[in-house]
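Here's the structure we're looking at; comments come further down.
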There are 2 protein chains.
Amino acid sequence: MSTLKEVAKHAGVSISTASRVINGKEYVSTEARQKVTRAIRELDYQPNLIAQSLVKGRETRQLGILVYDISNSYFAEITMAFEAVAYQHDYTVILCNTAEGTRTLKYLDMFMQRQIDGVAIIGSQLETEEISRLQLLLQRGVPIAMAREKGWLLNPLLDVLDNQTGIVEFDTSEGARMAIDYLVSQGHRRIGGLFTVERDRLWDDPRAQGFRQALEKNGLQINEDLMVADLKTSQSGGFLGMSKLIHQKIGCTAVFAYNDEVAIGALAHCRQAGIRVPEELSIVSMDDTEHSLYTNPPLTSVRIPRREQGEFLAEYLLARVRGKNPPSRFSLPVYLTLRQSVSQVPNNHDLGRV
Amino acid sequence: MSTLKEVAKHAGVSISTASRVINGKEYVSTEARQKVTRAIRELDYQPNLIAQSLVKGRETRQLGILVYDISNSYFAEITMAFEAVAYQHDYTVILCNTAEGTRTLKYLDMFMQRQIDGVAIIGSQLETEEISRLQLLLQRGVPIAMAREKGWLLNPLLDVLDNQTGIVEFDTSEGARMAIDYLVSQGHRRIGGLFTVERDRLWDDPRAQGFRQALEKNGLQINEDLMVADLKTSQSGGFLGMSKLIHQKIGCTAVFAYNDEVAIGALAHCRQAGIRVPEELSIVSMDDTEHSLYTNPPLTSVRIPRREQGEFLAEYLLARVRGKNPPSRFSLPVYLTLRQSVSQVPNNHDLGRV
DNA sequence: GTATTATCTGGCAACGTTTGCAAGGTCAAT
DNA sequence: ATTGACCTTGCAAACGTTGCCAGATAATAC
């Protein structure tokens, strides 16, 4: 493992000179420069970033990203965009999956120990202890950026962090309202919902809030039996949710799904149960991932931009690392992408089959 | 950013003693131990892993993973399993997406500079220059592990690496044969294929090889017009591929898709073109990701285990880091999962509609 | 009592860099 | 010739750890 010392020796110059060449500094004779360059090539020298980081204080050129579930393409695409930006700036990304158990806390500690340059958080709700770790990180000058849904009832401790972190947010409550409004405009009156929060915290979920608000606004009554909660955020969750909804024996003509994955599962269950979508049942969902284009039928879904999230997070952190003061707030618009999973309800069709 | 020195001072002991406490070494009085422990708590001390790595030589406790496309759930699941194992051993994972452009080379250099402890490679084919970088890595004692398909015509340079790296492999050619055999057993005689390699390298792809072999074995002739090549490995690729196949105007009753993503795209195109699957056209694919369960109809697909790949890669690297000599070869079985995307062809039904 | 061993502690060099500083050059202007 | 400005170079101190070594003290054995 060739070191700078070896390079210097091989080139017949001092370590300082070799260092200057490597860092492209001025005040080096062309002769010395050539000798060092050759030595570097001949020895396959690669600078030791560990030693560099140590002497430079911070500057490990590493960003950490806490993501809830990388196997969900929504998160995967955010992560990809994040990584792409980091790569362009010669930064490296440490990936942390936080779905199972309580990994977050340990990961945050690891970040501190690794003298990481910045931390991005996507899709994990934070416990009190984790927040205090984040505060420690901030105190030590490590920038933090988060992606989050507007409207969640946040741990009040988060307020302290609020104006010290970069935040990209999007209004899923508004998105849900748009989706429901659209369903109503198509004549739907009995609309079911598939949610992933626990039942007793149902109204904490902004998507559920939007769902409710839109129904109320349109003068429809809320029937909590039509709202399935506590599902896994996955296709299997949607599958199960749909079956539960059917067992309710309360007809609905449309279903709002928490996200595309859930909707895909729901779609699969409909198919198995012989329910035609959208003829007999309309479905809307959220995220608008690539999948929603290729389902049968393609899903009408609320678009939550993903690439933009990843890019904002990375760019914010990198700007902070450079000592700049970038805008710390970024609001992403959401909008409804119409496809074929929703159909109009005939006027006389009051009770859905489902 | 409290340092060990500060801890020592605060506790009224020497740095060495503080260090001993932190590393749980013997020969420390309980009194000293208590004082140091308290100082650590009061100062929120976290050891600086950068400094530790520097003095310990290697031991950065970081693994790098080069993965072709993290937004593909096949790769994502391998990555998740890899990360989970790393996490359990207090290792951190550097994520590198290699799909766009020539990132691999630069990433390998970054790995060297970061004194990484091990490298896993999934789904990227390696150029000559990249291989020589890998050799350098190996020379420097960095273990390497790869996941790969049997049967690819490999860069002969790879042979040199072969017995120095951990390799988990699976026979997709065999998988393709199983899939085709099954189609034939269901009476299919004209079978199309959707592939992602370039046309002129078509027979390099083991899946194409298996496709061909199975047809030949069953006495069916190969019609290259029924084999679409050069598709993107994505839903959009499958969508496009299916449309090309239809335009061939050569009827086929079944289609073999390169993987689930491609199959999902193909399915979507069928739907749009009004072709019923499996009644009018059967589809088989490979990977057997979670998606294949929830498509309409659920896909018959060749299972390529994912979690096992990620776990093997991580465990191999970690064992090597520990100086052990783990088995360096691991063959994963593939098998066909039957679902509803294939139907039997009536005896008299010779020409397919597609 | 001394010798031997076990336990505890602090000093110091090392890991591979960067960087401030001072010393030694060269060269043009005086 | 002398001055000063500017290049070029190497020395040495840092960065935060670990781990060897040598003292110091306490405990045990004779």
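Proteins get letters first, then strands, A, B, ... in listed order; numbering begins at 1 in each. Below, each value reflects all heavy atoms present in this structure, side chains not excepted, and no hydrogens, waters or symmetry copies. Values in this document were obtained by computation on a predicted structure and should not be read as measured data.
Base engagement by Ser19(A) is indicated by at least one non-hydrogen atom pair under 4.0 Å involving a base atom. Leu49(B) comes within 4.0 angstrom of nothing in the nucleic acid, heavy atoms only. Residue Val55(A) is classed as a base contact, given a heavy-atom separation below 4.0 Å to a base.
Each of Leu4(A) and Arg20(A) was assigned the nucleotide of DNA chain C with the nearest heavy atom; the assignment lying further toward the 5' end belongs to Leu4(A). Two residues, Thr17(B) and Leu54(B), neighbour DNA chain C, and the one matched to the more 5' nucleotide by heavy-atom proximity is Thr17(B).
Nucleotide dG10(C) holds its P atom 15 Å from the NZ atom of Lys9(B), rounded to whole Å. Atoms CG (Asn23(A)) and C1' (dT17(C)) sit 9 Å apart, rounded to a whole Å. In this entry the distance linking CD1 of Ile50(A) with P of dT18(D) reads 14 Å, nearest Å. The interatomic distance linking Glu59(B) (CD) with dT17(D) (P) rounds to 16 Å, in whole Å. The nearest whole Å value for the distance from the CD1 atom in Ile22(A) to the P atom in dT19(C) is 13 Å. Atom-to-atom, NZ of Lys35(B) to C1' of dC8(C) comes out at 12 Å; the value is rounded to the nearest Å. The distance between atom CZ of Arg61(B) and atom C1' of dT18(D), rounded to the nearest whole Å, is 15 Å. In this structure, the CD atom of Gln52(A) is 17 Å from the C1' atom of dG16(D), given to the nearest Å.
Nearest nucleotide to the side chain of Ala32(A), out of dG16(D), dT18(C), dT9(D): dT9(D). For Ser16(B), the side-chain atoms get nearest to dG11(C) when compared with the rest of dG16(C), dG11(C), dT9(C). When distances run from any side-chain atom of Lys25(A) to the nucleotides dT9(C), dT19(C), dT18(D), the shortest one goes to dT19(C). Distances from the side chain of Thr3(A) to the nucleotides dT17(D), dT9(D), dT17(C) place dT17(C) closest. Candidate nucleotides dT18(C), dG16(C), dT17(D) were compared by shortest atom distance to the side chain of Ile15(A), and dT18(C) ranks first.
Cation-pi geometry between Lys150(A) and Phe170(A) is not met at under 6.0 angstrom from the ring centre and within 45 degrees of the axis.
Checking the phosphate oxygens (OP1, OP2) of dC7(D), no side-chain nitrogen or oxygen of Ser29(A) falls inside 4.0 Å. Residue Tyr27(A) has a polar side-chain atom (N or O) positioned under 4.0 Å from OP1 or OP2 of dC7(D). Not one side-chain nitrogen or oxygen of Asn48(A) sits closer than 4.0 Å to the OP1 or OP2 atom of dC15(C).
Electrostatic pairing of Arg306(B) and Glu308(B) does not count as a salt bridge here, judged by no charged N lying under 4.0 Å from a carboxylate O. Glu59(B) has a carboxylate O that lies under 4.0 Å from a charged side-chain N of Arg61(B), or vice versa, which qualifies the two as a salt bridge. A salt bridge between Arg148(A) and Asp162(A) is present, with a side-chain N of the basic residue lying under 4.0 Å from a carboxylate O of the acidic one.
To the nearest 0.5 Å, atom CD1 of residue Ile304(B) and atom CD of residue Glu77(B) are 12.0 Å apart.
Using modelled atom types, one finds no donor on one side chain facing an acceptor on the other under 3.5 Å when comparing Tyr91(B) with Glu83(B).
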